[in-house]
Amino acid sequence: FGLSRGFPGIIEDPPAIFKPDASYASAAMLTKGGSRLGGGSVGSDYKLIDSLSLDEKASRISAVLSELEIDGIIATGGDASMDLIAQMLQYATGNIPFIGIPKSIDNDIPSTIYSIGFQSAVATAAKSIAAVRDTAESHRRVIVVECMGRNAGFLTLHSGIVGGADTILLPEFPVHNTQLLKHVEEVYKKHECAVVVVSEAIRLSNSGKTSKYVPMFVPLQIIVLMKKTVH
């Protein structure tokens with residue numbers, strides 16, 4: 001069985017559960033994204049599960065698993081998903097075999113080199129970064145690309161280098177505004193364009209605060225980790 005809305009779907013009435021057909025085992029699946037099965041990703045998916053007590057959640061889960069004769073669960077997801085599933089199964093009645101496979105494009109999972117989803121995210125982001133350079137060159141612009149990655153700069157760093165960014169901003173390495181502006185000016189004088197890649201959680205150099213979502217026009221006045229420093 002598959003849960004088309006992630007773990008929250010198991011307590012819906014009726015449960016959002018289906019049996020994958022032959023298309024899920026075809027060669028066409030090789031080009032599909034890792035979330036092809038589906039998952040809980042929007043607030044509405046969690047509206048019901050958040051309204052129930054822990055006992056009510058566990059009771060519904062146990063009833064569904066028993067009715068469908070499901071004797072084990074294999075789940076993938078980030079820290080929030082793993083925490084939720086572990087909490088639910090801890091209180092569900094019966095001994096339910098469970099395998100949790102952590103995955104994250106942030107690549108911030110301990111004891112791993114590359115987490116599931118990271119390399120495909122790097123490839124996608126790097127392609128987008130490389131694509132905007134044409135526009136930057138033709139319009140003689142400084143273009144800023146924001147990358148996801150939560151509080152880790154792995155995705156921004158890898159995709160920025162592969163995509164040919166001139167400047168990379170990471171939350172792990174705050175740099176003063178003057179260094180940023182000087183570097184961008186030097187790049188612009190040489191190429192009449194510049195591509196700056198920004199992590200979504202860069203730290204402000206003076207305040208030490210984290211800016212989770214950075215407006216596209218702000219990073220040029222904040223901080224930077226220059227590409228030459230990365231190398």
Side-chain angles (χ1 to χ4, degrees), residues 30-35 41 78-80 102-231:
L30 295 175
T31 61
K32 299 295 184 181
S35 57
S41 58
D79 53 354
K103 68 174 183 178
S104 173
I105 65 171
D106 306 337
N107 201 40
D108 56 355
I109 299 174
S111 303
T112 63
I113 298 177
Y114 298 121
S115 59
I116 296 174
F118 175 68
Q119 290 180 305
S120 57
V122 168
T124 301
K127 184 177 180 180
S128 299
I129 293 167
V132 301
R133 180 166 291 279
D134 287 343
T135 302
E137 291 176 350
S138 62
H139 291 72
R140 297 181 295 281
R141 299 284 180 83
V142 175
I143 294 182
V144 179
V145 180
E146 184 184 28
C147 276
M148 298 173 68
R150 211 167 180 180
N151 296 321
F154 295 108
L155 178 57
T156 304
L157 176 62
H158 285 243
S159 59
I161 293 176
V162 175
D166 300 297
T167 310
I168 301 173
L169 289 76
L170 304 178
E172 294 87 349
F173 300 94
V175 178
H176 293 291
N177 303 353
T178 53
Q179 292 177 291
L180 164 62
L181 296 176
K182 181 180 178 182
H183 178 67
V184 172
E185 286 176 356
E186 291 175 351
V187 171
Y188 192 85
K189 286 180 180 179
K190 184 176 181 179
H191 301 290
E192 289 193 323
C193 69
V195 176
V196 182
V197 180
V198 187
S199 169
E200 66 174 328
I202 59 174
R203 289 181 293 168
L204 307 183
S205 57
N206 296 328
S207 65
K209 295 180 180 179
T210 298
S211 179
K212 190 170 183 179
Y213 298 103
V214 185
M216 295 301 284
F217 59 88
V218 171
L220 293 181
Q221 303 173 18
I222 305 179
I223 58 174
V224 67
L225 175 67
M226 277 81 73
K227 186 176 179 182
K228 60 182 180 181
T229 306
V230 174
H231 288 305

Sequence neighbours left out, what pairs pass ring pair (Phe, Tyr, Trp, His ring centres under 6.0 Å) with at least one residue falling in residues 130-166? Phe118-His158

Verdict with reasoning, Val196 to Leu169, per side chain to side chain contact (heavy atoms under 4.5 Å, CB included): CA-CA 8 Å; Val196 182; Leu169 289 76; 3.1 Å; yes

Can I get a per-line list of side-chain donor-acceptor pairs under 3.5 Å for residues 104-115, giving both atom names and the distance, sequence neighbours left out?
unit_1	atom_1	unit_2	atom_2	d
Ser104	OG	Asp106	N	3.0
Ser104	OG	Asp106	OD2	3.4
Asn107	OD1	Ser115	N	2.8
Asn107	OD1	Ser115	OG	3.4
Asn107	ND2	Ile113	O	3.3
Thr112	OG1	Ile109	O	2.6
Ser115	OG	Ser104	O	2.5

To the nearest 0.5 Å, how far apart are CZ in Arg141 and OH in Tyr188? 8.5 Å

How many angstroms lie between CD in Gln179 and NZ in Lys182, if you round to the nearest 0.5 Å? 9.0 Å

Looking only at non-hydrogen atoms, find the nearest pair between Gly160 and Val197 and report the distance. CA-CG2, 4.2 Å

How close do Thr156 and Cys147 get, heavy atom to heavy atom, and via which atoms? OG1-CB, 3.3 Å

Could you walk me through whether Ile168 and Ile161 pass side chain to side chain contact (heavy atoms under 4.5 Å, CB included), step by step? CA-CA 8 Å; Ile168 301 173; Ile161 293 176; 3.9 Å; yes

N/O donor-acceptor pair under 3.5 Å between [X] side chain and [Y] backbone:
X      : Y      : value
Glu192 : Arg140 : no
Glu200 : Gly149 : yes
Glu172 : Ala152 : no

Derivation and outcome, side chain to side chain contact (heavy atoms under 4.5 Å, CB included), residues Leu180 and Thr167: CA-CA 8 Å; Leu180 164 62; Thr167 310; 4.2 Å; yes

Could you give the side-chain donor-acceptor pairs of residues 127-136 under 3.5 Å, partners two or more places apart or in another chain?
unit_1	atom_1	unit_2	atom_2	d
Ser128	OG	Thr124	O	3.2
Arg133	NH2	Gly164	O	2.7
Arg133	NH2	Asp166	OD1	3.4
Arg133	NH2	Asp166	OD2	2.9

